[in-house]
Amino acid sequence: MKKSNSSSKSKRKSPRKPNRRAQRPWFWRFLFRFGAIGLVLLAGWTVYLDAVITSRFEGRRFEVPSRVYARPLELYDGAGISSGALERELQLAGFRKGDGSRAGTYRRSGGHFVISTRGFPFPDGEEPRRRLALNIYGDKVQDFSVLSGESSPIVRLEPAQIGGIYPSHKEDRILVQLEDVPALLPTTLMAVEDRNFYDHFGIAPLSIARAMLANIQAGQIVQGGSTLTQQLVKNFFLTRDQTLLRKGNEALMSILLELHYEKGDILETYLNEVYLGQAGTRSINGFGLASQFYFGESLKDLQVHQIALLVAMVKGPSYYNPRRHPDRATERRNLVISEMEEAGLIDSVRAANARGMPLGVSVKPSYSENRYPAYIDLVRRHLSRDYREEDLRSEGLRIFTTLNPAIQYAAEFAVSDTLGRLASGETRKALEAALVVTAKDSGEVLALVGGRDPQYAGFNRAVDANRPIGSLIKPFIYLSALEQPDRYTLVTPVLDKSFTLEFDDGRRWQPKNYDEEERGEVPLHKALSNSYNLPAVRVGLDVGVGVVKETLQEFGVSSSISEYPSMLLGSVSMSPVTVAQMYQGLATSGFNTPLRTIREVTDAGGEALSRYSLEVDQVADPAAVHLVQYAMQETMREGTGRSAYYSVPEKLTLAGKTGTTDDGRDSWFAGFSGDLLAVAWVGRDDNGPTTLTGASGALPVWSRFMAQVPQHSFSPVVPDGVQYRWVNSERQALTQEHCDQARLVPLISGSEPTQTVSCSGNLQRRVQGWFKGLFE
């Protein structure tokens, strides 16, 4: 039994101990497979990140907004401008008061100016830097001279940037190339942010370790270890989330970026990308725009203390905003100057001088966001004919417009100053206005006001408020008639007497004069200058509503026009810009001249893309237009526009026309001098009634504007086929100069009255006429 037991015990298997050697292959296999999967994923992720980097860096890196410029101011002996207007224009263009020696500064003493220009790359060539001196007497430039720089009798100043068309993410920048950047800027940037920039491969482990140690010792974040490459990657590709995944991506992408691209390429991209502040809804990116935004100067012109300030702001553009927090900004700037000195970039003397300098930040940013929203709105509509919106937002186009800042200032002042004095109570509060000003001969839109608050980028009444034009239509009715000289002349009697039209459906229409009076027969010129309704409707019906409609279309009206007789009293609706287009043809003797807001568009490099030259198309007989111009001048001297001379100098000859719709809902005035055409509208957005007429609402706005701007009288050239004759218009007969009722009237040859009346009994006027002729 014992043997048996012994045998049995010997056969019993002892419990198997864990076989570590047997487990190790499984563990390593698992680790190997896990590692392999991780490497595959990492490789895939790296390939993805690499694709992200290369696609962005090798494509278009930045969306650069289009920049919109005003017309350049030309200075020369005899140029018309007041001292105040010149100073406003200099400030609008970013010039600063100073010694007049540094580029972009000016010095003024009364009417004496010394200006140091920056130079500017215009589409037709570079305007070099110059230092100018001039005096202004009587709103004219005198004693103009070039103190330094290339001599020239005419100098164009850098045009003011009046707006931009920005990318949807509202980033704004001026692209700079590394070779154009002052050498002190990148060296300072590296001295402060990344001393080993040219030695690392995107990340700097020692710097990170030093930063971690410093932060641990301080108990807060006091030092960063990111290289410039990492900062660029973070701004360019990643979010600002503080996560391990984001930090890992940042490191990996930084290494990939360094593997693919040269250091200079990375540095140049950083200089254009870095965020340096905020201007309203748009961000200020890159040192190029920051230089303009904070100092009003080009990057290449910055001094040591200015470079130091911009580099100082990299750490926190909002916290160190020099306009809001000058003490913080000064402290940080001086710290940067010390870093520059320590790195040997500047000597101790320059460092001390730089620390003693004020911040030198301009009071207002020289680059404002669409200072003239109504005007920019019209520019964008004109651009949309030739350019895609996405190109306008991203291609960095330069758009040279026709806006004249001095004219725009006068137009805005005329609206704001006059509107508050019109009407009373609730009506006054509800009144709105629009004003369009063009160059009479070229059709260039010089100024545009879209409402009571010209800087409010809301409803643009100058472009979008389509309202009945009232009596503004009458010159075109009479033009349609006067183009038939065998039937109508300025002295043709027209009947000012009521009548009733009956339509086929039984409806009746009975037009009336505004004052509800009737005068019987009146000469045509008097009916127009006094804006009588009944004669206008009678003449319009006689020549044909369709003919009047065609005349309007020939003068540039493209919107729908009904052929109802009520159209002859101005029931047709138009915007102020359309009215300006229409009246441009009257001001230019029958030439339809499309209104222009743009002179030229170039790409970012200055190559011309589009030129918008003067276009004219003769659409009416100049002789007939001349007759209408005569009656419109009479309107200003004797008719509904005569109150303009309460504001405008008596010697300034003008031509114009009032317009009023029922219950004063729309008050219009359109008129021109020898230089300018302006159209004013006053009314309510809700189309509510007012107590205003064209003469008491829009005309004061128009007159206030005209009174501010130096200009020449309207003095049209008498076209072939027109002769001026002394006429007794009440009797439709030729007469003599010294006779009663004698009026010198233009007549198309062959249409002169056949009758003659003498005035032999008026001895006194004959004697006066004899003496007058003797001394003329």
Side-chain angles (χ1 to χ4, degrees), residues 438-443 469 471-492 494 524-525 527-529 531 535-536 539-559 561 563 567-568 570 572 574 577-596 614-635 654-657 659 670-674 676-679 714-724 745-751:
T438 68
K440 184 184 77 68
D441 293 327
S442 66
I469 63 171
S471 296
L472 292 189
I473 199 173
K474 288 174 182 168
F476 300 91
I477 297 173
Y478 289 114
L479 174 63
S480 303
L482 291 168
E483 285 189 308
Q484 304 175 35
D486 56 329
R487 300 183 62 203
Y488 285 98
T489 71
L490 285 175
V491 296
T492 298
V494 291
L524 186 149
H525 69 88
L528 175 52
S529 63
S531 199
V539 171
L541 291 173
D542 184 49
V543 300
V545 176
V547 173
V548 177
K549 174 183 175 181
E550 288 175 8
T551 300
L552 295 174
Q553 291 172 331
E554 290 285 353
F555 277 74
V557 179
S558 57
S559 54
I561 303 173
E563 293 193 24
M567 182 268 276
L568 299 171
V572 58
M574 297 182 196
V577 165
T578 303
V579 171
Q581 173 66 77
M582 191 170 68
Y583 269 72
Q584 198 76 32
L586 287 182
T588 54
S589 300
F591 289 91
N592 181 11
T593 308
L595 300 187
R596 294 180 297 149
L614 174 66
E615 296 178 9
V616 294
D617 179 22
Q618 186 164 355
V619 297
D621 179 8
V625 175
H626 187 79
L627 270 53
V628 173
Q629 291 172 340
Y630 171 91
M632 292 174 66
Q633 292 177 72
E634 185 180 317
T635 300
L654 301 165
K657 185 69 192 77
F672 42 89
S673 67
L676 303 175
L677 180 148
V679 174
F714 176 62
S715 180
V717 176
V718 180
D720 292 340
V722 173
Q723 293 183 334
Y724 274 76
V745 175
L747 296 161
I748 295 176
S749 298
S751 67

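Given the structure is predicted, the values throughout are model-derived calculations rather than measurements. Quick note: residue numbers are just sequence positions, from 1.
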* Heavy atoms, side chains only, cut-off 4.5 Å: are Ser480 and Glu550 in contact? -> no
Distance col, row Met567:CE vs Ile561:CD1, nearest 0.5 angstrom, shows 6.5 Å
Inset, instruction - Could you check if a side-chain atom of Ile748 sits within less than 4.5 angstrom of a side-chain atom of Thr489, using non-hydrogen atoms only? - result: no
All heavy atoms of Val579 vs all of Ala670, minimum pair found to be CG1-CB, 4.3 Å
Requested in this report: Using a 4.5 Å cut-off on heavy atoms from C-beta on, say whether the side chain of Ser531 contacts that of Lys657.
Outcome: yes
For Asp542, the salt bridge (charged side-chain N to carboxylate O under 4.0 Å, His left out) test, sequence neighbours excluded, returns Arg487
When every non-hydrogen atom of Val539 is compared with those of Ala481, the smallest separation belongs to CG1-CB, 3.6 Å
Applied to residues 622-634, the salt bridge (Lys or Arg N to Asp or Glu O under 4.0 Å) test, sequence neighbours excluded, yields Glu634-Arg743
*Are the side chain of Gln633 and the backbone N or O of Leu654 linked by a donor-acceptor pair below 3.5 Å?*
no
One should read off an interatomic distance between Leu568 CG and Leu541 CG, to the nearest 0.5 angstrom, of 5.5 Å
**Prompt:** For Pro594, does its backbone N or O pair with a side-chain atom of Gln584 as donor and acceptor, under 3.5 Å?
**Reply:** no
Item to check | Min side-chain heavy-atom separation Phe555-Leu586 under 4.5 Å | outcome: yes
Is the backbone of Val616 close enough, under 3.5 Å, to the side chain of Thr593 for a donor and an acceptor to pair up by distance? no
* Any side-chain heavy atom of His525 sitting closer than 4.5 Å to one from Leu627? -> no
Rounded to the nearest 0.5 angstrom, the OG1-CG distance for Thr438 and Leu677 is 4.0 Å
Report task. Answer whether the closest heavy-atom distance between the side chains of Phe714 and Met632 falls below 4.5 Å. Result -> no
Heavy atoms of Ala631 and Leu528 approach each other most closely as CB-CD2, 3.3 Å
The reported gap from CG in Leu479 to NZ in Lys474 (rounded to nearest 0.5 angstrom) is 16.0 Å
Looking at side-chain heavy atoms only, is the closest gap between Lys440 and Ser673 below 4.5 Å? no
In terms of heavy-atom contacts, His626 and Pro716 come closest through CE1-CG, 3.8 Å
Are the side chain of Gln581 and the backbone of Val557 linked by a donor-acceptor contact shorter than 3.5 Å? no
In short, Pro475 meets Val628 closest at the heavy-atom pair CB-CG1, 3.8 Å
* Between Tyr583 and Phe672, is the gap from one ring center to the other below 6.0 Å? -> no
Determine yes or no for a side-chain-to-main-chain donor-acceptor pair under 3.5 angstrom, with Tyr478 supplying the side chain and Ala536 the backbone. yes
_pair Met582-Leu552: side-chain heavy atoms closer than 4.5 Å_ = yes
